[in-house]
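Every heavy atom of this structure was used, including side-chain atoms; hydrogens, water molecules and symmetry mates were not. Since this is a predicted model, take the numbers as computed values, not measurements. Residue numbers start from 1 in every chain, and the chains themselves are labelled A, B, ... in the order their sequence lines are given, proteins ahead of strands.
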Number of protein chains: 2
Amino acid sequence: MFIQIEPESDIPIYAQLASQLIEAIARGKLVSGDALPSVRSLAADLGMNMHTVNKAYHELERKEIIRIVPKSGAIVNPLSKDKIRVDHLERISIEIKPIIIEAIVLGMNPEAINKLISSIILSIKEE
Amino acid sequence: MFIQIEPESDIPIYAQLASQLIEAIARGKLVSGDALPSVRSLAADLGMNMHTVNKAYHELERKEIIRIVPKSGAIVNPLSKDKIRVDHLERISIEIKPIIIEAIVLGMNPEAINKLISSIILSIKEE
DNA sequence: CTTCTGTTATAATAGTATTAGAACAGTTAG
DNA sequence: CTAACTGTTCTAATACTATTATAACAGAAG
């Protein structure tokens, strides 16, 4: 697996894992219908506990990015191309708002913010 | 003070406070050079502990949004209009990246993301 | 049927969040 | 000058989260 965990980060490792799995989906390394590794095998693979991987998976399930089939496994949900549900948009909005405000206070104007986001999107698709 | 804390939120109250102070600066309710209330008085005002307010202030100091003068008080830093320092840009980038990725996975295209951010910026300046 | 799956439960450890109380030393206003 | 106010530092208690460790359970899959 293409996961790199930084144990010394102040970001919990279950959150790092969840984040990198989302990134893998965004990059097309994981596509709709793909099965994720079992919590036990991925935990062994990454040298962490089964429950930590399980927590990351449930984080992704809560965001409806994967689906967990009890006693069976987890698979990547169909990603709605160029559509977004209102509740998802709401969550993204709540998550992103404080950062936008911080950016403004630190001196970024709307164009600069837009430019930053464009470069982030490019960096995802390229790397 | 124009602060509203939600004690039942899963966001720590020191983080809520820090966030709302940044927002107050973004809205111009607090401007460069303004003195923040003392940690004791704001804590009493909001019904929370002095140390919790202190933690929020140090969070803002870490982000270089305010300056804390030991044994004296905290004042709002000069906000660099339409300029942003590289290290600040770097931090904003790291903070915003996982959310952008989540937005993409949930079906937002670059235009939709840009539109969302524009509406957030508008909502800050209007309300 | 046996192995693999997520689920659930208990438990221990470490760290964070929040509150409390107190003392200390520099700042400031009367 | 002095008294009130300031952030700082310390100890300490409580609650919650994060992480790991075992173990047992019951459904899925070969």
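- A donor-acceptor contact under 3.5 angstrom links the side-chain atoms of A:His51 to the base of C:dT8.
- Rounded to an integer number of Å, the gap from CD of B:Glu8 to P of D:dA15 is 15 Å.
- The CD1-C1' distance, from A:Ile68 to C:dT8, rounds to 14 Å in whole Å.
- Using a 4.5 Å cut-off on side-chain heavy atoms (C-beta onward), A:Ser38 and A:Tyr57 make no contact.
- Side-chain atoms of B:Gln20 come within 3.5 Å of backbone N or O of B:Gln4 as a donor-acceptor pair.
- When the C1' atom of D:dC10 is taken as reference, atom CG of B:Asn54 falls 14 Å away, rounded to whole Å.
- In B:Arg67, the CZ atom is not crowded: 12 or fewer heavy atoms of neighbouring residues, nucleotides or ligands sit closer than 6.0 Å.
- Rounded to a whole Å, the CG atom of B:Leu17 is 14 Å from the C1' atom of C:dA17.
- Rounded to an integer number of Å, the gap from B:Leu42 CG to D:dG7 C1' is 14 Å.
- Judged by closest nucleotide on DNA chain D, B:Gly73 is the one of A:Lys55 and B:Gly73 placed further toward the 5' end.
- The residue B:Tyr14 sits close only to the backbone: its heavy atoms come under 4.0 Å of sugar-phosphate atoms, none of a base.
- For B:Asp34 (side chain) and B:Val76 (main-chain N/O), no donor-acceptor pair under 3.5 Å exists by modelled atom type.
- Remark: P of C:dG21 and CG of B:Asn49 are 9 Å apart, rounded to the nearest angstrom.
- Closest contact between the side chain of B:Met48 and the listed nucleotides D:dT19, C:dG21, C:dT19 involves C:dT19.
- In the set C:dT27, D:dT9, C:dA17, the nucleotide with an atom closest to the side chain of B:Lys71 is C:dT27.
- Close to D:dT20, at under 4.0 Å from its OP1 or OP2, lies a side-chain N or O of A:Thr52.
- Nearest-nucleotide positions on DNA chain D place B:Leu36 closer to the 5' end than the other of A:Met50 and B:Leu36.
- The CZ-C1' distance, from B:Arg40 to D:dA4, rounds to 11 Å in whole Å.
- B:Ser72 has no side-chain polar atom (N or O) that falls below the 4.0 Å cut-off from OP1 or OP2 of C:dG26.
- The nearest whole Å value for the distance from the NE2 atom in B:His58 to the P atom in C:dT16 is 17 Å.
- Panel note: side chain A:Glu102, backbone B:Ile22; no donor-acceptor pair is recorded below 3.5 Å.
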